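In what follows, a single structure is set out as structure tokens and then discussed.
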Protein chains: 2
Amino acid sequence: MNELHVLTTGEAARYCGVNFRTVIRWIERGQLKAYKLPGRGDHRICVEDFVGFLRDNAMPVPNELAAASRKVLMLASDPELTAGGRQALQQVGCEVDVASDSFIAGTLIAGCKPALLVLDANLAGVNGFQILDHLRSRSEYANVRILVVAPAGERDQQRWLDGGADALVLQAGDRTELSAKAKLLLEM
Amino acid sequence: MNELHVLTTGEAARYCGVNFRTVIRWIERGQLKAYKLPGRGDHRICVEDFVGFLRDNAMPVPNELAAASRKVLMLASDPELTAGGRQALQQVGCEVDVASDSFIAGTLIAGCKPALLVLDANLAGVNGFQILDHLRSRSEYANVRILVVAPAGERDQQRWLDGGADALVLQAGDRTELSAKAKLLLEM
DNA sequence: GATATAGTTGACAGGTAAGTCAGGTTACAT
DNA sequence: ATGTAACCTGACTTACCTGTCAACTATATC
């Protein structure tokens, strides 16, 4: 049985040094995802959502919650990229999952709630723009950062950024560039 | 592993991250359906009632309990199949979601926790075997039933079943056959 | 620099659900 | 048949909810 880790408004408030009333207002405004208990209407916040919210607002992430903010999912199949990327990301402290199939990537992004998605734009049979579009149109993925690996001659780089990508690296580039940008996006 | 049909208050409490005393109060207030054992007055909660309660209150549903519902996810794009299938499934009491993209389907299977996946084997660009393989290799999807819609001349029918599909209907077949098999699978 | 305005946060109080603890009993596994 | 873990109840404590209001902050305007 999985013990799900959730926070009360009071705990969340203490973590970020504000009044609990303020946390409730964030929730009411839809900026912080939470669900309610049936009784008094107590709010419960999943740690992943809370950490995502903190990252989104450049607020410090408490050490004991930091693990939830180092998860990275890579959707790619090119072995050079998956192996090299994984290694580079691990070296900067990330916990890396790799999926070469978009269905599998979908299950992982919803199930493991990674903080960052590394998306290979060259992946055959996968419409990266559609994925971006889906993620950006859903509030539950608002906190997921997206780093696109684009082909060298890509003329659509601006399109990726317009479509919701947070950053972009070139397929041909050094893998340390990838991990550096990832680190930046995770604000670690 | 014997299947759980009922939960104790302690188990329910752990599933939703509250104290067992709180669960008992939900039951006393009539918000959560349960019955009592004659002896000490132990409460027992049917999983379907519990899952319904969780869904009603927008609380997260644990993977291993999600099978106790009538939610169906269909991964298909053929309009004839999606429309006809949806209608047939709704007629036997299912709650149906349809996705035509495999990434989106992945996010939905992890996010909405359907009890049944209807998978169109003809879908272009999607490797159904890979999906089956992934779902069957992960314990959190062990209880998700899978119904494959195979092309008429499919000679690989046994391969689908070997790969983990619970049942199979022909693309050309009647939609009532699909809903009948779905119903059967949901009652397991 | 001073002032006005809008938006956000903190403080307080009254009500109530949720958590804790202790003592007793049953359910279940062996 | 027996031992133990888990559940029950009741009383008590803690902490969250709502509403309101005052104080603070940021921004714009003069």
Side-chain angles (χ1 to χ4, degrees), chain A residues 1-65 68 139-140 142-143 187, chain B residues 1-65 68 139 142-143:
Chain A
M1 179 176 315
N2 58 342
E3 187 90 31
L4 80 154
H5 195 182
V6 292
L7 304 173
T8 65
T9 52
E11 287 165 342
R14 259 165 268 135
Y15 272 128
C16 38
V18 298
N19 191 280
F20 78 95
R21 201 75 189 74
T22 301
V23 174
I24 292 176
R25 289 185 185 116
W26 291 338
I27 294 170
E28 283 171 349
R29 248 181 278 148
Q31 297 168 313
L32 175 57
K33 196 181 152 207
Y35 62 90
K36 286 189 170 200
L37 298 189
R40 185 174 43 187
D42 282 32
H43 302 275
R44 289 296 129 98
I45 308 156
C46 296
V47 275
E48 284 93 350
D49 295 323
F50 183 59
V51 171
F53 171 81
L54 293 178
R55 259 201 334 274
D56 245 16
N57 293 280
M59 295 163 76
V61 178
N63 285 329
E64 62 263 49
L65 304 183
S139 62
E140 64 257 49
N143 299 322
E187 279 154 3
Chain B
M1 191 68 192
N2 40 353
E3 288 212 24
L4 341 154
H5 291 295
V6 292
L7 303 172
T8 66
T9 53
E11 287 165 341
R14 259 165 273 137
Y15 273 128
C16 38
V18 298
N19 193 278
F20 80 95
R21 204 73 189 75
T22 299
V23 173
I24 292 177
R25 289 189 187 110
W26 289 341
I27 294 170
E28 285 170 349
R29 247 182 276 144
Q31 295 169 311
L32 174 57
K33 198 179 148 204
Y35 60 90
K36 284 193 171 200
L37 300 187
R40 182 176 45 185
D42 282 32
H43 300 93
R44 288 299 129 96
I45 307 156
C46 297
V47 268
E48 45 194 293
D49 294 327
F50 184 59
V51 172
F53 170 81
L54 294 177
R55 290 200 200 277
D56 282 348
N57 291 282
M59 295 164 74
V61 180
N63 287 316
E64 61 264 51
L65 301 186
S139 62
N143 296 321

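Each chain gets a letter, A, B and so on, in the order its sequence line appears, and its residues count up from 1. Hydrogens, waters and symmetry mates play no part in the numbers below; they use all other heavy atoms, side chains included. Remember, it's a predicted structure, so these values are computed and weren't measured experimentally.
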Between B:T22 and C:dG19, does any side-chain N or O lie under 4.0 Å from OP1 or OP2?
yes

Over how many whole Å does the gap from B:E11 atom CD to D:dC8 atom C1' extend?
16 Å

Tell me if the side-chain of B:R21 makes a donor-acceptor pair with the base of D:dG10, cut-off 3.5 Å, by modelled atom types.
yes

In whole angstrom, give the distance that lies between atom CG of A:L7 and atom C1' of C:dG19.
17 Å

So CZ of A:F50 and NE2 of A:H5: to nearest 0.5 Å the spacing works out to 10.5 Å

Under 4.0 Å between a side-chain N or O of A:T8 and OP1 or OP2 of D:dA15?
no

Ignoring backbone atoms, test whether A:H43 places a side-chain nitrogen or oxygen under 4.0 Å from the OP1 or OP2 oxygen of D:dC17.
yes

Any side-chain N or O of A:R29 less than 4.0 Å from the OP1 or OP2 oxygen of C:dT9?
yes

Picking from D:dT20, C:dA27, C:dG19, the nucleotide nearest the side-chain atoms of A:R25 would be D:dT20

Roughly, in whole Å, what's the span from CG in B:L37 to P in D:dT9?
12 Å

Could you work out which one of D:dC17, D:dT9, C:dA18 sits closest to the side chain of B:K36?
D:dT9

Rounded to the nearest 0.5 angstrom, the NE2-CD1 distance for A:H43 and A:I24 is 4.5 Å

Heavy-atom donor-acceptor pair, B:N57 side chain to A:P38 backbone, under 3.5 Å
no

Output the distance between atom OH (A:Y35) and atom CD1 (A:I27), rounded to the nearest 0.5 Å.
11.5 Å

Spatial distance of atom CZ (A:R14) from atom CZ (A:F20) [nearest 0.5 Å]
10.5 Å

Classify the nucleic acid contact of B:N19 as base, sugar-phosphate or nothing, counting any heavy atom under 4.0 Å across all strands shown.
base

Would you mind telling me which of D:dT9, D:dC17, C:dG10 lies closest to the side-chain atoms of A:F20?
D:dC17

If you take atom types as modelled and just measure distance, does the side chain of A:R40 reach the base of D:dC17 with a donor-acceptor pair under 3.5 Å?
no

Would you tell me if any nitrogen or oxygen in the side chain of B:W26 comes within less than 4.0 Å of OP1 or OP2 on C:dA17?
no

Atom pair CZ/CZ of B:R21 and B:R25 - distance to nearest 0.5 Å
4.5 Å

Ranking B:E28 and A:I24 by the position along DNA chain D of their nearest nucleotide, the one closer to 5' is B:E28

B:R44 (side chain) donor-acceptor with B:L37 (main chain) under 3.5 angstrom
no

Residue-phosphate contact under 4.0 Å: A:T9 side-chain N/O, D:dC17 OP1/OP2:
yes

Between residues 48-60 of chain A and DNA chain C, which residues have a heavy-atom gap below 4.0 Å?
none

